[in-house]
Amino acid sequence: MRTKLSIFVIVLALALSACGTAAAQPRSLSVSGNGTVYLTPDIAYIYIGVHNEEPAIATAVNSNNTQTQALVDALKNAGIAAVDIQTSNFSVYTTSYDKATGQPTGTAYAVDNTVYVTVRDLTKLGTLLNTAVGAGANNINSITFDVADKTAAMAQARLKAMDNARSLATELAKTAGVTLGQIQVVNYSDNSPIAYNYGMGGGGGSAAPNASVPIQPGLTQVTVTVSVTYAIK
């Protein structure tokens with residue numbers, strides 16, 4: 001009997017100790033805060049390509065090479081640095097239908113060559129697109145506007161996110177009837193800028209239009225999210 005009583009006392013002591021440990025855990029309040037800053041873009045990235053289709057593969061490749069080289073030369077003459085022109089795709093494949101009508105045709109060879117272009121002067125973007133079309137580009141897509149240096153904007157967004165989290169935590173603590181204490185944990189993440197995309201395509205290689213392509217860069221935004229845990233009393 002004494003042994004059973006001893007075991008019971010030990011178990012009871014452990015249970016009380018566990019309850020005391022659980023009760024000692026600090027109470028907390030966790031919130032998320034967001035900070036967004038809008039920026040005017042000052043840089044653009046574009047995919048510009050040349051597409052050819054010919055019955056003979058050698059003819060298709062040679063035609064594409066000539067047209068693509070003319071495009072690259074035109075881009076450089078328009079002020080685009082060589083380091084801002086990067087080949088992103090070169091492909092050769094067979095096709096058996098007419099792209100314009102969708103009707104079956106004899107087998108032909110299609111060649112695509114696409115370059116990824118960085119444009120650092122947006123005031124010349126519309127004219128540059130006209131130049132590209134005039135030089136032979138017949139596939140232009142995914143114009144993405146961005147900001148080259150977002151360091152200051154990201155810092156501002158982080159401040160806004162922390163202010164937002166603090167304001168929300170203060171409001172919730174007041175509503176719950178508790179007192180907000182010190183910050184215990186902070187987690188941070190930033191989202192990719194939301195950019196504007198503009199696509200165009202069609203026939204190329206002829207004279208470019210007289211008027212520049214109308215381009216509207218709009219705004220780019222950076223968003224920061226913080227998760228903050230506060231101690232509460």
Side-chain angles (χ1 to χ4, degrees), residues 41-150 191-218 220-221:
D42 58 13
I43 197 169
Y45 307 97
I46 322 170
Y47 289 95
I48 304 178
V50 174
H51 175 88
N52 297 87
E53 292 184 14
E54 299 289 347
I57 186 170
T59 304
V61 172
N62 289 335
S63 297
N64 188 276
N65 289 347
T66 301
Q67 206 166 324
T68 301
Q69 188 59 57
L71 168 64
V72 171
D73 290 341
L75 292 174
K76 291 179 180 179
N77 291 334
I80 302 298
V83 294
D84 289 331
I85 304 173
Q86 181 183 51
T87 299
S88 64
N89 171 63
F90 178 79
S91 57
V92 180
Y93 54 95
T94 59
T95 179
S96 58
Y97 66 94
D98 188 292
K99 292 183 64 176
T101 64
Q103 298 299 315
T105 63
T107 299
Y109 292 92
V111 182
D112 283 298
N113 195 332
T114 304
V115 292
Y116 185 62
V117 182
T118 300
V119 182
R120 302 183 187 276
D121 185 354
L122 296 188
T123 63
K124 299 179 179 179
L125 181 54
T127 301
L128 182 69
L129 294 177
N130 284 349
T131 299
V133 172
N138 52 18
N139 188 6
I140 302 177
N141 58 78
S142 296
I143 302 180
T144 302
F145 294 99
D146 200 357
V147 176
D149 185 1
K150 296 185 283 291
N191 301 322
S192 299
I194 296 177
Y196 173 77
N197 292 295
Y198 175 88
M200 62 181 293
S206 58
N210 292 327
S212 297
V213 175
I215 297 294
Q216 298 297 322
T220 295
Q221 72 178 54

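For the numbers below, each heavy atom of this structure counts, side chains included, while hydrogens, waters and symmetry mates do not.
Residue Ala74 comes nearest to Ala135 through the heavy atom pair CB-CB, 3.6 Å, listed as atom of the first residue, atom of the second, then distance. Nearest heavy atoms, Pro41 versus Gly218: CD-O, 3.1 Å. Nearest heavy-atom pair, Val50 versus Gly136, reported as atom, atom and distance to 0.1 Å: CG2-O, 3.7 Å. Minimum interatomic distance between His51 and Asn138 (heavy atoms only, all atoms of both residues): N-OD1, 2.8 Å. Taking both residues in full, the closest heavy atoms of Ile48 and Ala137 are given as CG2-CB, 3.5 Å, listed atom of the first, atom of the second, then distance.
Judged by distance alone, the side chain of Asp42 and the main-chain N or O of Ala148 form a donor-acceptor pair under 3.5 Å. With hydrogens and angles disregarded, no donor-acceptor distance shorter than 3.5 Å links the side chain of Lys124 to the backbone of Asp121.
Residues passing the side chain to side chain donor-acceptor pair (under 3.5 Å) test with Asn77: none are found, sequence neighbours excluded. Residues passing the ring pair (Phe, Tyr, Trp, His ring centres under 6.0 Å) test with Tyr47 are Tyr116, sequence neighbours excluded.
In this structure, Leu128 CG and Thr123 OG1 are separated by 10.5 Å, a value rounded to the nearest 0.5 Å. The OH atom of Tyr45 sits 14.0 Å away from atom CD1 of Ile143, with the distance rounded to the nearest 0.5 Å. Leu125 contributes atom CG, which lies 11.5 Å from atom CD1 of Ile43 (distance to the nearest 0.5 angstrom). One distance of note links CD1 of Ile215 with CG of Leu129; it measures 5.0 Å at 0.5 Å rounding. Here Thr114 contributes atom OG1 and Asn141 contributes atom CG; the two are 7.5 Å apart, rounded to the nearest 0.5 Å. Atoms CZ and CD1, on Phe145 and Ile46 in that order, are 7.5 Å from each other to the nearest 0.5 Å.
A donor-acceptor contact closer than 3.5 angstrom links the side chains of Asp73 and Gln69.
Each side-chain hydrogen bond (donor to acceptor under 3.5 Å, both in side chains) pair with one or both residues in residues 55-64, not counting sequence neighbours, appears once here: Asn52-Asn64, Asn64-Thr68.
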